[in-house]
Amino acid sequence: MAAVTSVHTSSSSYNLEAFFRMKRGRLTVTIDSQVVEGQQRNKKQKKDTQSPKLQKSQMQSCQLDWGSLPHHVVLHIFQYLPLVDRARASSVCRRWNEVFHIPELWRKFEFELNQPATSYLKSTHPDLIQQIIKKHADHLQYVSFKVDSCTESAEAACDILSQLVNCSIKTLGLISTAKPSFMNVSKSHFVSALTVVFVNSKSLSSIKIDDTPVDDPSLKVLVANNSDTLKLLKMSSCPHVSPAGILCVADQCHGLRELALNYHLLSDELLLALSTEKHVRLEHLRIDVVSENPGQTQFHTIKKQSWDALIKHSPKVNIVMYFFLYEEEFDAFFREETPVTHLYFGRAVSKAMLGRIGMNCPRLIELVVCANGLQPLDDELIRIADRCKNLTAIGLGECEVSCSAFVEFVKMCGRRLTQLSIMEEVLIPDNKYNFGANPL
């Protein structure tokens, strides 16, 4: 295995290419003769006068014993190795095997659970999983489960969770790399496994359980055992949680700084609970506004007084809203001033809606519109530039804006923009700017 080493001195820097040969726990370093040719030439006469015994001693000094490396040095190296390489390295010598089992190496671990027949992703070997559960479960602190679209993978994750009875986990993440496979697991199986961690950890600070069948009773268990430590909770697309369930979390977890949820869980009571004197200042609130069946979902309105209370308590909070609605479903939003900072529209949004954003979103920092239709957004874009003084990023997809209006928009807020993403088809030539006109 080849490696390049840079040696820095007060006057110069040398690149040495070394070849390492490992044998019985020893490391032999052979330096490329071209690199040290100049040094050899300068010292040639001195070397000729050295005794054979001295030369042999100098050669032995080039050999480094792996087993003599301090634990903390080997540990530092192991932390940069993939798990498979770390496991192989642990068989080099007894000292390395001891380092392999040091608790610090097992504080952070990601279980990758995939079905070989349906996924090209690597999976954590079952034997290694059992070894972790048997020897290192009580060392785990930062744990995530990455599963593919198969229900079997999600069930395997639940099986592992249910065995972490001696854990002291601080962060937990359940990640579906494709479709949300945890939603296909039996609700009782999932809740039972998750409750094991909630009860035994006692110090959870970060939980990411989007697209899972978590429910109100399991959230109560979470609060009962981790209310003093919980700082981050992400649980978008959790259909079994009610507004009362998330309100229980806000009422008891006064250290909560980041929260992600669906709009149907957002309420005036929740915003007021996050604004009490006992609660720390909220830093990030993400709200997903989703509709699967056009015309069948009724969205409630949050009172301006509730938003005002939150901003008074947490003036620097980022409020991020992702919209996946149909045009006729936007009626409940932005009719009054709303302190949203980041807006993303994944489907078509009407001119009227964008007009209301320009009038009632003075804290807006970033705006992304994927589609609008065939009506130019000239007036709406100018109003947003004029009223949204904090706007620094904008993205426009399948929309139409006249070139004159876009130039005016850039003149108004170009100095503060840090990100501008716009499709070429968005700009419509007009009398003043016509890309297709031939020069006279």
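- Lys389 NZ: more than 12 foreign heavy atoms inside a 6.0 Å radius.
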### Task
With side chain to side chain contact (heavy atoms under 4.5 Å, CB included) as the test, would you mind laying out the steps for Asn225 and Ser201 before giving the verdict?
CA-CA 8 Å; Asn225 293 276; Ser201 291; over 6 Å; no
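- In the displayed structure, Asn166 atom CG is contacted under 6.0 Å by at most 12 heavy atoms of other residues, nucleotides or ligands.
- Not counting sequence neighbours, the partners of Asp216 by the side-chain contact (heavy atoms from CB on, under 4.5 Å) test are Val241, Ser242.
- The aromatic rings of His313 and His279 sit perpendicular, their planes meeting at an angle over 60°, well past the 30° parallel limit.
- Relative orientation of the Phe330 and Phe323 rings is tilted, given thresholds of 30° and 60° on the angle between their planes.
- Enclosure of atom NZ in Lys351 by more than 12 non-hydrogen atoms of other residues, nucleotides or ligands within 6.0 angstrom is indicated.
- Relative orientation of the Phe333 and Phe299 rings is tilted, given thresholds of 30° and 60° on the angle between their planes.
- Counting heavy-atom neighbours within 6.0 Å of His76 NE2, excluding the residue itself, gives a total of 12 or less.
- Around atom CG of Asp127, more than 12 heavy atoms belonging to other residues, nucleotides or ligands sit under 6.0 Å away.
- When the shell of 6.0 Å around NZ of Lys187 is examined, it contains more than 12 heavy atoms from other residues, nucleotides or ligands.
- Put simply, the side chain of Ile209 does not reach to within 4.5 Å of the side chain of Phe182, judged on heavy atoms.
- Residues Arg383 and Asp379 are not paired through a salt bridge, judged by the lack of any N-O separation under 4.0 Å between the basic side chain and the carboxylate.
- Proximity of the aromatic rings of Trp106 and His136 is defined here by a centroid distance below 6.0 angstrom, and this criterion is met.
- The local environment of CZ in Arg281 is sparse, with at most 12 non-hydrogen atoms from other residues, nucleotides or ligands closer than 6.0 Å.
- We find that Arg286 and Asp288 are joined by a salt bridge, their nearest charged nitrogen and carboxylate oxygen being less than 4.0 Å apart.
- Using cut-offs of 30° and 60° for the angle between ring planes, the Phe324 and Tyr322 rings count as parallel.
- To the nearest 0.5 Å, atoms OG1 (Thr229) and NZ (Lys202) are separated by 10.5 Å.
- Looking at Leu113 and Ile160, their side chains come closer than 4.5 Å, going by heavy atoms from C-beta outward.
- For the pair Val249/Leu230, a side-chain contact is recorded, criterion being any heavy-atom separation below 4.5 Å from C-beta on.
- The shortest distance between side-chain heavy atoms of Leu364 and Asn390 does not fall below 4.5 Å.
- The shortest side-chain heavy-atom distance between Cys248 and Lys220 falls under the 4.5 Å cut-off.
- Taking the six-membered ring where the residue is Trp, Tyr344 and His342 present parallel rings, their angle staying beneath 30° rather than reaching 60°.
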### Criterion side chain to side chain contact (heavy atoms under 4.5 Å, CB included) on Gln131 and His101, from CA distance to verdict
CA-CA 11 Å; Gln131 183 184 24; His101 293 288; 3.6 Å; yes
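- Asp386 CG to Phe409 CZ: the interatomic distance, rounded to the nearest 0.5 Å, is 11.5 Å.
- Going from atom CG of Asp159 over to atom CD of Glu152 covers 11.5 Å, rounded to the nearest 0.5 Å.
- In this structure, the side chains of Leu75 and Glu104 come closer than 4.5 Å at one or more pairs of heavy atoms.
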### Task
Take Met235 and Thr212 through the test side chain to side chain contact (heavy atoms under 4.5 Å, CB included) and record every step on the way to the result.
CA-CA 8 Å; Met235 44 176 297; Thr212 65; over 6 Å; no
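- Test Val340, Asn262, Leu266, Leu259 against Ile287 for side-chain contact (heavy atoms from CB on, under 4.5 Å) and you get one pass: Leu266.
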### Task
For Lys432 and Val407, run side chain to side chain contact (heavy atoms under 4.5 Å, CB included): C-alpha distance rounded to whole Å, both residues' side-chain angles, the deciding distance at 0.1 Å, then the answer.
CA-CA 11 Å; Lys432 191 172 182 180; Val407 170; over 6 Å; no
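- Taking the side chain as every heavy atom from C-beta outward, Leu261 and Leu270 approach each other to under 4.5 Å.
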### Task
List the steps and the verdict of side-chain hydrogen bond (donor to acceptor under 3.5 Å, both in side chains) for Asp215 and Ser218.
CA-CA 6 Å; Asp215 60 4; Ser218 55; 2.7 Å; yes
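- Interatomic distance, CE of Met353 versus CD of Glu380, reported as 12.5 Å (0.5 Å rounding).
- Residues Ile394 and Ile384 fail the side-chain proximity criterion, which asks for heavy atoms closer than 4.5 Å.
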